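Below is one structure, written out as structure tokens, with a few remarks after it.
Sequence positions, counted from 1, serve as the residue numbers for this chain. Being a predicted model, the structure only gives us computed values, none of them experimental.
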Amino acid sequence: MLKSKNIDPFIFIPTAVLFVIAAFVFILGGSGLQAGINQLLAFLSDRTGWLYLGIYIINFIFFIYLAFSHFGKIKLGDTKDKPAFSNFQWGSMVFATAIDASILMLSMTDPLRFLMHPAFNMKPFSAQAYATASVFGQFDWGPMAWLMFASATIAIAYAMYVKKRPIQRLSSAITVLDGKRWWQRGLRSAVDLLVVIGIMGGIGSSVGMEIPVLAKVISATTGIPDNFWLTLGLFAILFVLFALTVFAGLKGGIDKLSSAHIWTALGFLAFVLLVGPTLHLVSGEMHNLVSLGQHFTALSTNILGQHAAFPRSETIFYWGWWLSYMPFTGLFIARISKGRTVRQVVLGMIGYGALGCMSFYAILGGYTLYLQHAGIVNVAAILQSQGQAAAIARIIQTLPFKALVLVFYSVSCFIFLATTISSSAFIVSSFTSKKLVDGQEPSHTNRMFWVCVFMLFSFGIVMVGGFKTVQTICALAGFPLIFVCALLLISIVQMVVTDKRMAEARQHSWHYEVERQAERSFDSVRLAPRRKTLKPGPMTKGI
């Protein structure tokens with residue numbers, strides 16, 4: 001059956017078994033696993049945090065240099081190739097693919113967490129803590145985070161459009177693993193396996209975090225009790241929605257959801273900005289950007305002063321999460337970037353991606369802090385006593401037309417979730433398929449299987465409960481991809497430098513040929529008069 005469905009058993013079977021077992025461990029273990037999970041997250045932050053920080057710093061410096069050096073002018077395609085999409089269309093697709101419903105939720109609650117647990121030796125709820133509360137979230141969703149996608153994007157796009165290599169899996173773009181030896185084939189399979197694990201862990205954690213929030217919002221809207229049966233019903237609805245979308249494929253399913261994704265996000269942000277304290281939000285963001293520039297080095301290196309364990313662990317959580325999204329997001333962005341230069345892609349990620357995410361923290365996070373500081377709602381107390389879902393529901397209830405806004409917010413979250421899960425399931429099914437020809441999509445069996453695994457694994461995370469669970473799984477999912485990112489950076493250098501040397505050699509050869517041709521032309525002109533005056537003879541032959 002596996003053979004008939006074009007499924008690669010060497011990647012498909014171990015990954016599927018791993019996540020099905022993990023799902024049942026979570027479901028059967030329930031909340032009893034929380035203590036162990038909290039300890040694991042502390043271990044990752046304390047002992048391996050330097051690896052997460054190191055790869056992000058190297059990656060950020062690498063792509064800033066690449067974009068602004070002469071390498072930034074390299075076109076991802078032939079000289080005559082032009083971008084297939086306008087800048088706005090391209091930026092919208094980049095943003096919609098990489099961002100799920102978590103941005104609608106975390107941008108509201110993250111500032112409160114940093115307000116209660118500030119860095120730089122500030123006191124909780126102090127004026128300084130309020131001034132920097134949104135800065136941490138904007139850093140964790142800002143340029144350093146988005147440029148993590150560039151490693152996979154540039155490597156894949158360069159390999160596809162410049163080197164003319166067929167790319168179905170991320171390992172095909174890692175040129176340092178090229179070769180037919182057993183260890184090279186083994187490492188390529190290992191990379192693909194780690195990529196699938198990373199995607200599953202990151203996306204599964206997203207759903208596991210977002211479903212409880214959706215349940216609380218729907219409960220606040222309709223009065224339906226927020227219990228196990230509501231959660232189960234939401235999973236059933238999402239399963240049907242995901243299954244229909246993934247079954248339809250890229251055209252007619254995922255593409256339509258992506259369009260709805262971006263417009264619902266922009267609509268919700270615009271509404272909150274207009275009905276909220278607009279001038280306060282705009283001026284607050286100006287201060288945030290200045291503060292972000294001042295603290296950028298400290299945030300990048302996690303040197304945040306004493307008693308800053310929470311801000312440090314938050315950065316490790318986010319860095320693991322972005323790493324887990326890196327393979328499938330990079331593959332998608334690469335496919336829509338033909339005809340663009342390296343500089344355009346890198347700066348586009350910062351312009352559309354990073355600034356787009358930062359706008360959520362500027363508006364939604366700024367509105368939350370306004371409610372807290374003005375004494376309208378003690379959202380921090382709700383977050384601490386009742387959890388993230390209750391805090392978000394209470395924030396939304398302060399807006400005009402709260403019933404309609406709650407419905408719109410719920411629908412937006414559903415669309416965000418559907419877009420992310422559908423795209424992820426499609427990419428994972430491609431990674432676990434054997435060779436696909438151009439235009440061929442993975443089998444329906446493969447696609448639907450991963451939808452089921454996504455749902456089962458996410459349901460297990462919900463059963464364990466707690467935001468710490470989500471943070472730990474994200475950090476774990478991203479950890480092995482640190483080394484995959486390093487291989488991608490090395491491969492980009494190898495491809496670019498090799499092509500540069502070949503171009504220089506061709507240019508040198510061309511100059512040499514031009515010089516030789518010029519010499520022959522000069523000799524023919526110089527010797528022409530002699531040919532007319534000399535009589536043919538043995539000594540003049542060849543002149």
I376, CD1 atom: more than 12 neighbouring heavy atoms under 6.0 Å:
yes
What do you reckon, is CZ of F401 surrounded by more than 12 foreign heavy atoms closer than 6.0 Å?
no
Checking the side chain of [X] only, and the main-chain atoms of [Y] only, is there a donor and an acceptor separated by less than 3.5 Å?
X	Y	result
Y352	W90	no
T368	M108	yes
T341	Q344	yes

After noting the C-alpha distance and the side-chain angles of I382 and Q386, does the key distance pass the side chain to side chain contact (heavy atoms under 4.5 Å, CB included) rule?
CA-CA 5 Å; I382 297 174; Q386 301 178 44; 4.2 Å; yes
Do [X] and [Y] have side chains that get closer than 4.5 Å, going by heavy atoms?
X	Y	result
W321	S102	yes
H287	V135	no
Q397	V377	no
L364	F268	yes
V345	F63	no
W141	D110	yes

Could you walk me through whether F136 and R113 pass side chain to side chain contact (heavy atoms under 4.5 Å, CB included), step by step?
CA-CA 10 Å; F136 290 89; R113 294 188 176 99; over 6 Å; no
Determine whether L299 and T315 satisfy the following criterion, side chain to side chain contact (heavy atoms under 4.5 Å, CB included), listing intermediate values before the conclusion.
CA-CA 9 Å; L299 292 167; T315 297; over 6 Å; no
Would the F310 and F114 ring centres measure less than 6.0 Å apart?
yes
Are the aromatic ring centres of F328 and Y325 under 6.0 angstrom apart?
yes
What's the separation between atom [atom1] in [X] and atom [atom2] in [Y], rounded to the nearest 0.5 Å?
X	Y	atom1	atom2	value
R394	T398	CZ	OG1	6.5 Å
L331	L170	CG	CG	8.0 Å
L399	F271	CG	CZ	5.5 Å

Compare every heavy atom of [Y] with every heavy atom of [X], then report the nearest pair and how far apart it is.
X	Y	value
C485	M326	CB-CE, 4.2 Å
T109	Q388	OG1-OE1, 3.1 Å
K216	A393	CG-CB, 4.2 Å
P311	L304	CB-CD1, 3.6 Å
A129	M122	N-SD, 3.8 Å
S324	L481	CA-CD1, 3.7 Å

Name every donor-acceptor pair, under 3.5 Å, that has one atom in a side chain of residues 142-154 and the other anywhere in the protein, sequence neighbours excluded.
residue : atom : partner : partner atom : Å
W146    : NE1  : G353    : O            : 3.2
S151    : OG   : M148    : O            : 2.9
T153    : OG1  : F149    : O            : 2.8

Applying the ring pair (Phe, Tyr, Trp, His ring centres under 6.0 Å) test to F139, which of W319, Y361, Y56 qualifies?
W319
When F457, W229, F459 are each screened for ring pair (Phe, Tyr, Trp, His ring centres under 6.0 Å) with F235, the one that passes is F459
Would you please test F120 and Q128 for side chain to side chain contact (heavy atoms under 4.5 Å, CB included) and show each step?
CA-CA 10 Å; F120 306 120; Q128 294 86 353; over 6 Å; no
Do H295 and S291 meet the criterion of a side-chain donor-acceptor pair at a distance under 3.5 Å?
yes
